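Naming: A, B, ... by sequence-line order, numbering from 1 per chain. All of these numbers come straight from a predicted model, not from anything done at the bench.
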Number of protein chains: 2
Amino acid sequence: MRDERFCASNCPFTRAIGTIGNKWKPIIINVISTRTVRFGQLDSIIPLISRKVLTEQLKELEEDGLLERLAYKELPPRVEYKLSEKGLAFLPILESIKEWNCKYEVALTPKAHDRVTYAQ
Amino acid sequence: MRDERFCASNCPFTRAIGTIGNKWKPIIINVISTRTVRFGQLDSIIPLISRKVLTEQLKELEEDGLLERLAYKELPPRVEYKLSEKGLAFLPILESIKEWNCKYEVALTPKAHDRVTYAQ
DNA sequence: TTATCTGGTTACTGCGAGGTAACCACAAAT
DNA sequence: ATTTGTGGTTACCTCGCAGTAACCAGATAA
């Protein structure tokens, strides 16, 4: 899940990609953002992710110091996640990605086949 | 390789992550940077990637408009890759990631076991 | 008594990402 | 005649990511 060869690289950029360079972590960080979010909320907000993978990703993010896990000893249990200073410092990067995408993402041009069909 | 469910999302951020949110693409973009690089150079510069995967990633990056492929009809063949405007616009984001990592990546603290060993 | 709620964990399983190795064209060099 | 250089493509196979389903505690509600 986390690529050990990347994390063991002597290139800091490669290590960074080894840490946050997968599809779920930027999504999770973006969802948490500046809030405090419970596990169940993340599970329902993020489409398509399974509880198992969500648990794994959260654990890795915590290990890498991007977020903090607050477990309350209640029943039923309550666990809250919030970004650490490091995680919060990553948010502007996600904003840049959003801006970059909105500026450069081309509207999907219909395929030639479809265009001909409609033109007739 | 590219997650179709991400790319089909109606959330632009999710689509962006579906496009560049994997481990190889940021590395490739960072290596090409402002240069014009040949296939063989990428193959030798980037450690651990196979030619097959490199080809696939380059093709996807081209399809997504991040880079341009220049094939010269020579023998032996020569193919050069360079970033498009969209790809170049992504470089500052990679720089931000480098800065973010250097600022917040904690030096791996030796485990308690090792520390005790050395202390003795 | 039984269901519900929460945040997981575990075992089982399948699919596909990705690695390896062989192969291609064709010119120039040896 | 054979090797080398270049940028791939293809078939084959394996490993592991990730999905599913079952299970857990234990208090509260119905």
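Residue Arg69(A) is classed as a sugar-phosphate contact, given heavy-atom separations below 4.0 Å to backbone atoms only. Across all strands shown, Arg51(A) has heavy atoms under 4.0 Å from base atoms, whether or not it also approaches the sugar-phosphate. Contact annotation for Tyr72(B): no contact, since no heavy-atom pair falls under 4.0 Å across all strands.
Inter-residue side-chain proximity for Trp24(B) and Leu48(B) is flagged as met; some heavy-atom pair is nearer than 4.5 Å. Using a 4.5 Å cut-off on side-chain heavy atoms (C-beta onward), Phe90(B) and Leu83(B) make no contact. A heavy-atom distance below 4.5 Å is not found between the side chains of Tyr81(A) and Leu61(A).
One can place CD1 of Ile46(B) at 14 Å from P of dG18(C), the figure rounded to the nearest angstrom. Regarding Arg2(A), its CZ atom lies at a distance of 15 Å from the C1' atom of dC17(D), rounded to whole Å. Across the protein-nucleic acid pair, Asp3(A) atom CG and dC15(D) atom C1' stand 14 Å apart, rounded to whole Å. Distance Glu56(B) CD to dG7(D) C1': 15 Å, rounded to the nearest Å. Taking atom CG on Asp43(B) and atom C1' on dA21(C), their separation rounds to 15 Å, with Å as the unit. The CD atom of Gln57(B) sits 14 Å away from the C1' atom of dG19(C) (whole-angstrom rounding). Per the geometry, CG belonging to Leu54(B) stands 16 Å off C1' belonging to dT20(C), to the nearest Å. Atom NZ of Lys73(B) is separated from atom P of dT6(D) by 21 Å (rounded to the nearest Å).
Proximity of Arg78(B) to the phosphate of dG7(D): no side-chain N or O atom is located under 4.0 Å from OP1 or OP2.
Of all nucleotides listed (dT20(D), dG7(C), dT9(D)), dT20(D) comes nearest to the side chain of Ser50(A). The side chain of Val53(A) has dG19(D) as its nearest neighbour among dG19(D), dG18(C), dG26(D). Residue Lys59(B) places its side chain closer to dT9(D) than to any other of dT9(D), dG8(D), dG19(C). Distances were taken from every side-chain heavy atom of Arg38(A) (C-beta onward) to each of dG19(C), dG7(D), dT6(C); the shortest belongs to dT6(C).
Mapping Leu58(B) and Leu75(A) onto DNA chain D by nearest heavy atom places Leu58(B) at the nucleotide closer to the 5' end. Each of Pro77(A) and Arg5(A) has a nearest nucleotide on DNA chain C; the 5'-most of these lies closest to Pro77(A). Residue Gln41(A) is the one, among Lys52(B) and Gln41(A), whose nearest nucleotide of DNA chain C lies closer to the 5' end (criterion: closest heavy atom).
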Leu66(B) and Lys25(B): CA distance, side-chain angles, deciding distance, side-chain contact (heavy atoms from CB on, under 4.5 Å) verdict: CA-CA 10 Å; Leu66(B) 281 148; Lys25(B) 284 175 184 170; 6.0 Å; no
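When hydrophobic side chains of Ile, Leu, Val, Met, Phe, Trp and Tyr are connected at separations under 4.5 Å, Tyr72(B) ends up clustered with Leu70(B).
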